[in-house]
Amino acid sequence: MGRTPRKTCSAFLVAAGLCLLVARSGHAETGPSAEDIKVAGTEYDLGRQSYKKKKWVEASEHFEMADSRAPSAVTLELALRSRDKASQLDRAAMLAALALRRHPKETALVKLAESVLKRGRAELHSLTVKCSPACDLVLGTKLVHGVASTERTVFLAPGTTQVNASWSGGRTRSSSLEATKGGSGELSFEAPPEPKPEDATPAQAKPRPASAVAPGPAPAPAGDAGAEAKGGLPPLVFFVGAGLTAVAGGLTIWSGIDTQNNPGKDKVREQCAGQGTSCPAYQDGLDRQNRTNLLLGVTAGVGVVSGVIGAFFTDWSGKADKKSAGISPFVEVGRGASVGARGSF
């Protein structure tokens, strides 16, 4: 029998605060902040409660969130056990591979990880993914737990899977893979070039001595020059943001309705009787719920950014030089969701 999560929140906080300021991955990391440790402690307690109720999927999600905020061998072990008990061998095996790399001296964790990896290699497709530089990975629509890394071992259920690598600045690479039972392979990703910085505004020419200035029209009043130099984003940026907000809102509403109807509570009860949370219908509903939550966050983010741009950064007077302004709104989805606009003036 595996160990049950009997650690208290205070014990977790002490372990995270004193022992785990650096994850044992061989890469230096910034230690967790006080806020990170506080959130991790809360998530750990929620995971422990779900674990006791045998709600394995919920427990694993809480434990993984806690481990993301304050990496811990104890929390990672509980996340691994929860995924395994939920019959999610692919996710359990990936956590096991991460555990061996991050905590090679934790005897109990290493023993558990090796046992799960043995089953994973027999039932799943083992894939070594290399990134240059370190990247985050998404398999289909599922984010691989752990910090960005130059090399990770992931496990795929037999079938076609899309492997996506992402870097800062919204840069991504992807590859489709046909996974086989007991198979293995290697995949490498090279990050796209960094976006070139926007062309700097040419420096203003230094004034010539008064004796060298030829007679000509009187210069424009200083007030007008200041207003012209100040400038701002054209209103188009705000309207684009408002349009993105409307589109994201519509997608969120659709996703919410789809989550309620597909597969639906009645279908889940009918198909999952006696199967627990490992039932495919239950997992399908859970994935749709996560998609709705993500869309809700994107919608809120786009709305906030659009409001800020409209209130503080838009030149509603129409004096901005439209020819010199290059505006590119963007929406990024990675570990989290971000929105904004790039431009040169």
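Numbers here simply count residues along the sequence, with the first being 1. These numbers come from a predicted model, not from an experiment.
- With hydrogens and angles ignored, the 3.5 Å screen pairs a side-chain donor or acceptor of R171 with a backbone N or O of S168.
- Taking R69 as the reference, D36 meet the salt bridge (charged side-chain N to carboxylate O under 4.0 Å, His left out) condition, with sequence neighbours excluded.
- By the 4.5 Å heavy-atom criterion applied to side chains, E106 and L76 are not counted as neighbours.
- Put simply, the side chain of L89 reaches to within 4.5 Å of the side chain of V116, judged on heavy atoms.
- T180 pairs by the side-chain contact (heavy atoms from CB on, under 4.5 Å) definition with H125, not counting sequence neighbours.
- Residues V39 and E35 form a side-chain contact, since some pair of their non-hydrogen atoms from C-beta on lies under 4.5 Å apart.
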Criterion side chain to side chain contact (heavy atoms under 4.5 Å, CB included) on S166 and V138, from CA distance to verdict: CA-CA 8 Å; S166 63; V138 175; 5.6 Å; no

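- Considering only heavy atoms from C-beta on, F155 comes within 4.5 Å of R121 through its side chain.
- Under the 4.0 Å criterion applied to side-chain N and carboxylate O atoms, K118 and E114 are not assigned as salt-bridge partners.
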Applying side chain to side chain contact (heavy atoms under 4.5 Å, CB included), run through V163 and L139 and close with a yes or a no. CA-CA 5 Å; V163 181; L139 305 180; 4.0 Å; yes

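- Proximity of a side-chain donor or acceptor of S60 to a complementary backbone N or O of V57 within less than 3.5 Å is detected.
- Side chains of H62 and D45 form no contact here, defined as non-hydrogen atoms less than 4.5 Å apart.
- Closest of all the heavy-atom pairs between A86 and W56 is CB-CB, 3.7 Å.
- In terms of modelled atom types and a separation under 3.5 Å, the side chain of S115 and the main chain of K111 share no donor-acceptor contact.
- At least one side-chain heavy atom of R83 sits under 4.5 Å from a side-chain heavy atom of E64.
- Counting only distance, with no hydrogens or angles, the side chain of T75 and the backbone of P71 share no donor-acceptor pair below 3.5 Å.
- If you take OG1 on T128 and CG on L187, they are separated by 10.0 Å, rounding to the nearest 0.5 Å.
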Give the C-alpha distance, both sets of side-chain angles, the deciding distance and a yes or no for side chain to side chain contact (heavy atoms under 4.5 Å, CB included) between S175 and F189. CA-CA 9 Å; S175 179; F189 290 110; 4.0 Å; yes

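- Atom CG of L78 sits about 10.5 Å away from atom NZ of K85, to the nearest 0.5 Å.
- With a 4.5 Å cut-off on side-chain heavy atoms, S149 and R101 count as touching.
- No side-chain heavy atom of L137 sits under 4.5 Å from any side-chain heavy atom of N164.
- Remark: the backbone N or O of S72 is paired with a side-chain donor or acceptor of D67 at under 3.5 angstrom.
- In this view, W167 satisfies the ring-ring contact (aromatic ring centres under 6.0 Å, His included) rule with no residue, not counting sequence neighbours.
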